[in-house]
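These numbers come from a predicted model, not from an experiment.
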There are 2 protein chains.
Amino acid sequence: MTIDMDGKHIDETKELDGKDVRSVPTLASIAEKVGVSVNTVSRALRAPNTVRAELRKRINVAMDELNYVPNRLAGGLSGMRTDIVGVVVTSLYYSEFASIIDTLQSALLERDLQVMLANTRYNPDQEIKLVRSILSWRPAAVAIIGIDHPPKVVELLKASGIPIIEMWDTGGNVIDTAIGFDHQAVGAAQARHLIDQGYKKLAFVGSLRENDRRAQKRLLGLEAEAARAGIAAIAKRTEPQGGSPDLGERLAGELLETHSEIGAIVCNSDVVAFGVLRALKKRGKRVPEDIGVIAFGDNEAAACVTPSLTTIRPDREKIGRLTADAIVARINGGEPQTTVVDWQLMFRDSTRRKD
Amino acid sequence: MTIDMDGKHIDETKELDGKDVRSVPTLASIAEKVGVSVNTVSRALRAPNTVRAELRKRINVAMDELNYVPNRLAGGLSGMRTDIVGVVVTSLYYSEFASIIDTLQSALLERDLQVMLANTRYNPDQEIKLVRSILSWRPAAVAIIGIDHPPKVVELLKASGIPIIEMWDTGGNVIDTAIGFDHQAVGAAQARHLIDQGYKKLAFVGSLRENDRRAQKRLLGLEAEAARAGIAAIAKRTEPQGGSPDLGERLAGELLETHSEIGAIVCNSDVVAFGVLRALKKRGKRVPEDIGVIAFGDNEAAACVTPSLTTIRPDREKIGRLTADAIVARINGGEPQTTVVDWQLMFRDSTRRKD
DNA sequence: TTGAAAGCGCTACCAT
DNA sequence: ATGGTAGCGCTTTCAA
């Protein structure tokens with residue numbers, strides 16, 4: 001950017017055979033165009049009432065004309081804080097966490113906080129890498145799915161000194177603040193419900209990943225409650241890959257071949273249950289009369305399959321909203337705390353033997 | 001941070017009654033701890049082979065001990081570029097774009113690009129605000145759903161000078177690079193299919209938002225193709241709110257009350273269709289015999305409802321993958337281009353009158 | 001192979 | 001009400 005003899009500025013815009021090589025406008029470009037100091041322009045942005053109205057207007061016009069967008073790298077570096085919230089989820093498939101993200105993102109938006117998203121896909125190495133990457137942007141806070149992380153992740157998050165909200169799970173060691181529910185209790189409730197409905201032999205089907213501690217906890221709770229009711233063995237058929245209807249159909253098929261006396265099938269997720277229902281129908285098994293099916297998640301289609309699917313509905317919206325609240329509270333000096341969020345058993349036809 | 005008389009450093013770490021008030025470690029902390037200059041540490045990170053192996057090792061150890069995380073605000077400011085890719089979607093509900101985001105995010109991760117996510121919820125003001133916010137982080141590229149944006153968004157994106165990939169739609173004015181498909185063609189295919197199956201009177205049901213141009217285009221294509229086949233009027237029943245099974249059930253109910261002669265119902269999304277199927281069942285209408293139902297999206301449950309749902313399956317994974325490829329290509333100087341991605345009509349039971 | 005110094009764009013502090 | 005100045009933590013020359 002140069003000043004010519006008359007003191008009028010020459011815009012740094014250059015057109016090179018149609019290609020735009022103009023450098024992105026900075027506060028300095030605006031300052032120069034308006035004829036004030038950088039500092040005044042900055043104040044017009046951060047503290048408008050410290051700038052004369054007329055000047056402010058000219059500055060705003062200039063910004064609009066040049067399509068000025070503040071450089072938050074600079075702002076963040078200088079101000080030592082950003083408005084980024086890192087959000088780390090373990091999966092984006094099948095709306096498992098989509099509505100948490102959705103609610104969280106829009107609640108944060110109201111506070112002018114920006115989501116930086118990472119998906120670990122249940123891979124702990126990826127989790128370390130992603131957490132590191134997110135922290136490198138000096139976020140104001142991090143919200144992360146689960147309370148079971150690789151030690152390095154815990155270390156990094158703790159060392160960061162920012163609020164850390166662990167979502168979706170509770171009941172264990174928490175880094176800072178947790179908002180979720182007890183997955184073992186969910187598993188126990190599934191077992192209880194089936195037993196109450198008169199089902200005897202229970203089976204478990206679905207994706208069970210080495211690093212999905214929540215799923216493991218639910219299974220644990222299921223087995224414990226079944227044992228308490230005198231049901232010793234639970235037939236299991238799991239795979240480490242992600243859940244899907246096809247997986248459910250296949251696993252249920254295999255299960256029925258090896259175990260003829262199955263009373264009810266617990267599915268790790270609704271989408272798996274969709275496939276299980278299909279497998280049962282193909283084999284002429286009636287649901288809920290011959291075999292009961294219960295799942296976890298309450299996918300949007302759970303009430304629409306035939307028979308409608310009994311499942312557990314976590315309150316994802318609430319988790320998202322409370323997480324946003326907790327982030328803001330913690331940033332403003334509030335105390336860390338653990339909040340347990342409700343879930344519901346959606347009693348539908350797939351287990352309705354009695355009313 | 002201070003150096004004592006012997007030249008040995010005193011770590012700036014301070015413990016205040018158990019509370020950690022240590023400042024976040026910087027390159028300088030590492031440099032000081034190891035006893036080298038800041039920029040040697042920087043080189044150990046960016047260009048490891050320009051640093052003596054033994055020194056490099058000591059530096060790495062120090063970084064690990066202090067849980068050093070580079071400050072990318074500083075790096076980005078200095079290097080004038082970041083590894084952020086802004087991703088702007090219009091919705092996060094019901095896996096509409098979740099798997100695009102999923103695929104895109106993991107493909108970008110392989111190239112060490114970080115997703116910054118924004119959800120406009122079909123609100124143009126929000127879109128402007130969010131695009132501005134994302135650009136303020138000086139991303140390396142932006143991927144955004146749709147090709148119809150508020151003028152200010154187009155202006156901002158163009159002025160940013162970075163690669164802009166518009167996803168999901170094609171066939172219109174494109175800012176830079178587009179990867180999607182023709183939604184009018186989808187609508188036409190829906191009509192064609194229904195007509196081929198012998199359905200006469202067509203109806204359209206679902207969420208139709210003012211700013212969901214894609215949905216509007218599909219409806220347009222539907223009407224045009226129907227008109228071509230001599231079907232003049234299409235009964236419509238829409239609402240501006242987001243689609244859901246409940247909405248579908250309600251709208252279908254209202255439709256059937258006012259229009260007795262409906263042949264087939266086109267739904268704007270699968271989740272709406274789920275509710276439509278429920279409404280039809282409650283009223284004793286047989287699908288596909290009495291009424292056909294076709295939708296758009298191919299939700300994971302579409303093949304699992306009864307009857308299984310005929311719908312359009314866009315190749316979301318491909319869009320995600322190609323978008324990541326295009327971003328990398330454009331960053332490396334590749335030319336902008338528009339890529340049309342396939343979609344399929346998933347012919348299932350809800351429209352199967354003939355084979 | 002290593003170090004010194006300048007500067008990225010902005011904010012904060014102190015003058016005027 | 002406005003401007004000058006000093007960094008924020010890093011990368012990037014250029015020297016040693």
Side-chain angles (χ1 to χ4, degrees), chain A residues 1 12 22-59 62-63 66-84 133 135-140 160, chain B residues 1 7 12 22-59 62-63 66-84 133 135-140 160-161:
Chain A
M1 194 173 306
E12 78 274 48
R22 129 182 34 205
S23 59
V24 180
T26 66
L27 275 192
S29 328
I30 312 291
E32 197 183 15
K33 187 178 171 97
V34 178
V36 293
S37 78
V38 171
N39 199 313
T40 303
V41 182
S42 175
R43 264 181 295 106
L45 230 41
R46 304 292 146 221
N49 47 350
T50 67
V51 176
R52 201 160 28 93
E54 179 269 343
L55 226 194
R56 210 190 317 153
K57 175 171 258 168
R58 279 168 50 215
I59 289 174
M63 286 182 170
L66 297 184
N67 280 313
Y68 172 73
V69 176
N71 184 334
R72 296 230 228 168
L73 299 173
L77 220 208
S78 178
M80 291 302 287
R81 37 113 44 93
T82 69
D83 296 330
I84 293 177
S133 172
L135 289 178
S136 74
W137 290 104
R138 296 296 182 265
S160 72
Chain B
M1 193 172 306
E12 80 274 50
R22 126 181 38 202
S23 59
V24 180
T26 67
L27 274 193
S29 330
I30 312 290
E32 198 182 16
K33 186 179 171 96
V34 178
V36 292
S37 79
V38 170
N39 96 37
T40 300
V41 182
S42 176
R43 266 182 293 108
L45 228 41
R46 305 289 149 222
N49 47 349
T50 67
V51 176
R52 198 159 29 94
E54 179 269 343
L55 226 195
R56 209 189 318 153
K57 176 170 256 168
R58 279 167 52 213
I59 291 174
M63 287 183 168
L66 296 183
N67 279 315
Y68 172 73
V69 176
N71 184 334
R72 297 231 226 167
L73 299 173
L77 221 209
S78 177
M80 292 300 287
R81 38 126 26 112
T82 70
D83 296 331
I84 293 178
S133 172
L135 288 179
S136 74
W137 291 106
R138 297 294 181 266
S160 72

>> When the axes are fitted on five pairs at both termini, how much does the helix from C:dT1-D:dA16 to C:dT16-D:dA1 curve, in 10° steps?
In response: 30°
> Reckon B:L55 touches a base, only the sugar-phosphate, or nothing at all at heavy-atom distances under 4.0 Å?
Replying inline: sugar-phosphate
>> Looking at every heavy atom in both B:P70 and B:R46, which two are closest together, and how far apart are they?
In response: CB-NH2, 4.3 Å
> Between A:L27 and A:M63, does a side chain to side chain contact (heavy atoms under 4.5 Å, CB included) hold up when you go through it step by step?
Replying inline: CA-CA 9 Å; A:L27 275 192; A:M63 286 182 170; 4.3 Å; yes
> Going 5' to 3' along nucleotides 11-16 of chain C, which nucleotides have protein heavy atoms under 4.0 Å from the base (write B), which only from the sugar-phosphate (write S), and which from neither (write -)?
Replying inline: BBB---
> Does a nitrogen or oxygen in the side chain of A:Y68 sit under 4.0 Å from OP1 or OP2 of C:dG9?
Replying inline: no
> Does B:T40 put a side-chain nitrogen or oxygen below 4.0 Å from OP1 or OP2 of C:dT2?
Replying inline: no
> Roughly how far, to the nearest 0.5 Å, is the CD1 atom of B:I84 from the CD1 atom of A:I84?
Replying inline: 5.5 Å
>> How long is the straight-line distance from CD of B:E32 back to OG1 of B:T26, given to the nearest 0.5 Å?
In response: 8.5 Å
Taking atom [atom2] of [N] as reference, at what distance in whole Å does atom [atom1] of [X] sit?
| X | N | atom1 | atom2 | answer |
| --- | --- | --- | --- | --- |
| B:L77 | D:dC10 | CG | C1' | 9 Å |
| A:I59 | D:dT2 | CD1 | C1' | 10 Å |
| B:K57 | C:dT1 | NZ | P | 17 Å |
| B:R138 | C:dG9 | CZ | P | 9 Å |
| A:M63 | C:dG9 | CE | C1' | 12 Å |
| A:N71 | C:dG7 | CG | C1' | 14 Å |
| B:E32 | C:dG3 | CD | C1' | 16 Å |

> Is there a donor-acceptor pair closer than 3.5 Å between any side-chain N or O of B:R58 and the backbone N or O of B:V34?
Replying inline: yes
Within-4.5 Å side-chain heavy-atom neighbours: [X] and [Y]:
| X | Y | result |
| --- | --- | --- |
| B:W137 | B:L73 | yes |
| B:L77 | A:N71 | yes |
| A:R72 | A:T82 | no |

> Looking at the side chain of A:R52, which of C:dG3, C:dT2, D:dT2 is the nearest nucleotide?
Replying inline: D:dT2
> A:I30 pairs by side-chain contact (heavy atoms from CB on, under 4.5 Å) with which of A:L45, A:T40, A:I59, A:V38?
Replying inline: A:I59
